[in-house]
Amino acid sequence: YALCVGGLGNINILDFATRPDSSRAASATALLNGMHEAYPNTHISHYNMLEEDPAREAFEAAGYTITMSQHEMRLKL
C-alpha cells in the first residue's frame with residue numbers, strides 16, 4: 001500500500017509498504033510508474049525513506065534525489 005496526501009500539483013507519499021515475500025524495489029517501481037502515468041505533471045515526494053530501504057533503488061532509477069534527511073534521536077531523562 002501507499003499512504004499519500006496531496007493537492008494541486010503535489011503528492012506526498014507518507015508511508016509505503018509491501019508484503020514480506022515481495023520485491024520492495026519492484027513494488028516501488030510499479031507504484032511510481034502508475035503515479036506518473038495517472039498524474040503526469042505532478043510533483044511527487046516521499047518522506048522518511050531509510051538509506052538502506054530497497055525501494056530507494058526504484059526512486060533513484062526514476063530520477064528522484066534526496067533533498068533532506070531527518071534524524072531522530074532519543075535522550076534519556
Side-chain angles (χ1 to χ4, degrees):
Y1 76 88
L3 176 63
C4 305
V5 296
L8 294 175
N10 189 40
I11 295 175
N12 298 315
I13 303 170
L14 302 176
D15 195 17
F16 170 67
T18 60
R19 292 188 336 232
D21 62 339
S22 67
S23 166
R24 189 161 166 81
S27 295
T29 297
L31 170 71
L32 293 173
N33 288 341
M35 291 179 79
H36 285 255
E37 185 177 317
Y39 307 102
N41 298 313
T42 300
H43 172 81
I44 300 171
S45 59
H46 186 305
Y47 294 114
N48 295 329
M49 180 176 283
L50 300 174
E51 285 189 38
E52 61 274 7
D53 189 331
R56 187 175 180 145
E57 174 185 315
F59 279 82
E60 289 174 346
Y64 288 78
T65 58
I66 298 172
T67 57
M68 182 176 20
S69 294
Q70 176 177 315
H71 301 279
E72 297 181 18
M73 299 187 288
R74 184 182 320 177
L75 174 65
K76 287 187 175 187
L77 299 176

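Both backbone and side-chain heavy atoms feed into the values below; hydrogens, waters and symmetry mates do not. All of these numbers come straight from a predicted model, not from anything done at the bench.
For Tyr64, the ring-ring contact (aromatic ring centres under 6.0 Å, His included) criterion is met by His36, Phe59, not counting sequence neighbours. Not counting sequence neighbours, the partners of Thr29 by the side-chain contact (heavy atoms from CB on, under 4.5 Å) test are Asn33, Ala58. Under the rule for a side-chain hydrogen bond (donor to acceptor under 3.5 Å, both in side chains), the partners of Asp15 that lie at least two apart in sequence or sit in another chain are Tyr1. Residues satisfying the side-chain contact (heavy atoms from CB on, under 4.5 Å) criterion with Ser22, sequence neighbours excluded, are Thr18, Arg19, Ser27. Looking at residues two or more places apart in sequence or on another chain, you find no side-chain hydrogen bond (donor to acceptor under 3.5 Å, both in side chains) involving Glu57. Remark: Asn12 pairs with Val5, Asn10, Leu14, Ser45, Tyr47 by the side-chain contact (heavy atoms from CB on, under 4.5 Å) rule, at least two apart or across chains.
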Start with the C-alpha distance between Tyr39 and Ile44, add both sets of side-chain angles, then the distance that settles side chain to side chain contact (heavy atoms under 4.5 Å, CB included), and finish with yes or no. CA-CA 9 Å; Tyr39 307 102; Ile44 300 171; 5.6 Å; no
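Within 6.0 Å of atom CG in Asp21, more than 12 heavy atoms from other residues, nucleotides or ligands are found, so the atom counts as buried in its surroundings.
Members clustered with Met73: none, using a 4.5 Å side-chain heavy-atom cutoff among hydrophobic residues. Hydrophobic cluster of Leu50: no remaining members, since no ILVMFWY side chain lies below 4.5 Å from it. The hydrophobic cluster containing Leu8, built from Ile/Leu/Val/Met/Phe/Trp/Tyr side-chain heavy atoms closer than 4.5 Å, comprises no other residue.
When all heavy atoms are compared, the tightest approach of Gly9 to Thr42 is C-CG2, 3.5 Å. Pro54 and Ala25 get closest at one heavy-atom pair: O-CB, 3.5 Å.
Residue pairs satisfying the salt bridge (charged side-chain N to carboxylate O under 4.0 Å, His left out) criterion with at least one member in residues 24-49, sequence neighbours excluded, are listed as follows: Arg24-Asp53.
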